[in-house]
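Worksheet for the structure shown next.
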Amino acid sequence: MKNRLKVLRAENNMTQAQLADAANVSRQTINAIEKGKFDPSLPLAFKFSRLFNKPIEEIFQDEEE
Amino acid sequence: MNAEHTNLKDRVKKNTRNLAIWTFAWVITVALVSFGAKFLWDFNETISIAAIILNLITGIGLILANRRYIMELDELQRKIFMDAMAMALGVAVVGGLAYSMMDITNIIKGDAEISIVVMMIGITYMVSIIIGNFRYK
């Protein structure tokens, strides 16, 4: 799964640690998601959606599409 | 924003401390049962049973503390721990049975010791956690 987390984070002037704070996960998790090494659960994806005020499909895209 | 993450960090810290305390208590009771029977109460059956019950109680505490520790990690950390547990369980079953068969077929001298299997599980668990953390670095 591809994601725009890093871009959105940069647009919002947030560090990985700040995004981790906001999403209540570790910085390691944010880093792994940004690098495409780990796909978040649906509740965490919704949390990012709320944090960036964007629909989930604007943050995460299926690579097969 | 910071409060939530602090809560996660604090929770992990608290659960780690809790797990360490239960692990220490359990190890102490294992030592008590193992050495106490010989050196402290001269194999008195009643005291041995009481010490084993104490060991089981602290063991249950350790299991629950470990469960709570894992459940309150974030989802990536939980996945790393779950993967490590799957590896450790696999090694326990496959490695343990192979070790037992080596005893039955007299490939190893002496009896198969449960402590070897426990060490195998522990090492597998630790190595798997290190590999998991490295993989998602």
Side-chain angles (χ1 to χ4, degrees), chain A, chain B residues 1-23 62-91 121-137:
Chain A
M1 197 161 67
K2 287 187 294 185
N3 69 77
R4 296 183 59 239
L5 211 59
K6 192 173 182 177
V7 175
L8 291 169
R9 183 170 61 75
E11 283 174 3
N12 286 273
N13 291 319
M14 289 176 95
T15 63
Q16 284 188 340
Q18 285 170 330
L19 182 55
D21 283 344
N24 202 25
V25 293
S26 63
R27 200 192 61 79
Q28 181 189 22
T29 299
I30 300 296
N31 188 50
I33 294 169
E34 284 186 358
K35 286 184 173 176
K37 290 180 177 178
F38 177 69
D39 291 334
S41 66
L42 205 48
L44 184 53
F46 272 114
K47 206 176 257 186
F48 290 132
S49 166
R50 280 195 301 273
L51 284 169
F52 292 120
N53 202 23
K54 302 247 183 231
I56 285 182
E57 58 271 25
E58 276 191 36
I59 307 174
F60 298 97
Q61 292 90 33
D62 188 355
E63 272 179 307
E64 288 181 13
E65 276 179 5
Chain B
M1 221 158 59
N2 276 329
E4 279 193 343
H5 192 45
T6 307
N7 284 343
L8 174 76
K9 278 183 178 170
D10 284 349
R11 261 199 334 264
V12 171
K13 200 182 280 182
K14 184 184 156 201
N15 289 335
T16 305
R17 196 180 327 120
N18 200 26
L19 181 59
I21 290 168
W22 277 107
T23 305
L62 169 60
I63 292 166
L64 294 176
N66 189 42
R67 182 180 182 276
R68 185 173 186 167
Y69 174 82
I70 290 168
M71 294 310 286
E72 293 198 8
L73 291 172
D74 83 3
E75 56 190 69
L76 174 61
Q77 294 165 334
R78 203 178 307 134
K79 176 180 165 39
I80 292 169
F81 274 79
M82 293 294 184
D83 287 349
M85 282 194 286
M87 284 299 292
L89 180 64
V91 167
I121 294 168
I123 291 166
T124 307
Y125 189 59
M126 280 193 297
V127 170
S128 300
I129 285 174
I130 291 166
I131 291 170
N133 274 304
F134 186 76
R135 185 184 297 156
Y136 295 108
K137 206 173 166 187

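Proteins come first, then strands; the chains are lettered A, B, ... in the order of their sequence lines, and each starts at number 1. Only this structure's heavy atoms are used, side chains among them; waters, hydrogens and symmetry mates stay out. Keep in mind that what you see is a predicted model, and the values were worked out from it rather than measured.
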Filtered by a 4.5 Å non-hydrogen cutoff, the part of residues 64-72 of chain B contacting chain A is none
Applying a criterion of heavy atom separation less than 4.5 Å, what residues of residues 121-135 of chain B form contacts with chain A? B:Asn133, B:Arg135
Could I get the full list of side-chain hydrogen bond (donor to acceptor under 3.5 Å, both in side chains) partners for A:Asp39, not counting sequence neighbours? none
[atom2] on [Y] to [atom1] on [X], rounded to 0.5 Å:
X: A:Asn24; Y: B:Lys9; atom1: CG; atom2: NZ; answer: 11.0 Å
X: B:Asp74; Y: A:Ser26; atom1: CG; atom2: OG; answer: 3.5 Å
X: A:Gln16; Y: A:Leu5; atom1: CD; atom2: CG; answer: 9.0 Å
X: A:Ile59; Y: A:Lys54; atom1: CD1; atom2: NZ; answer: 8.5 Å
X: A:Gln28; Y: B:Leu76; atom1: CD; atom2: CG; answer: 5.0 Å

Chain B contact via A:Pro43 - side chain, backbone, both or neither, heavy atoms under 4.5 Å: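 It is neither, since no heavy atom gets under 4.5 Å.
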Do any pairs count as a side-chain hydrogen bond (donor to acceptor under 3.5 Å, both in side chains) and have a residue in residues 77-87 of chain B, sequence neighbours left out, and if so which ones? B:Lys79-B:Asp83
Is it true that atom CE of B:Met85 has more than 12 heavy atoms of other residues, nucleotides or ligands lying nearer than 6.0 Å?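 Yes, CE of B:Met85 has more than 12 neighbouring heavy atoms, counting only those of other groups under 6.0 Å.
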Would you call the rings of A:Phe38 and B:Tyr136 parallel, tilted or perpendicular if under 30° counts as parallel and over 60° as perpendicular? perpendicular
Strictly distance-based, threshold 3.5 Å: is any side-chain N or O of A:Asn12 a donor or acceptor partner for the main-chain N or O of A:Leu8?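 It does hold such a pair.
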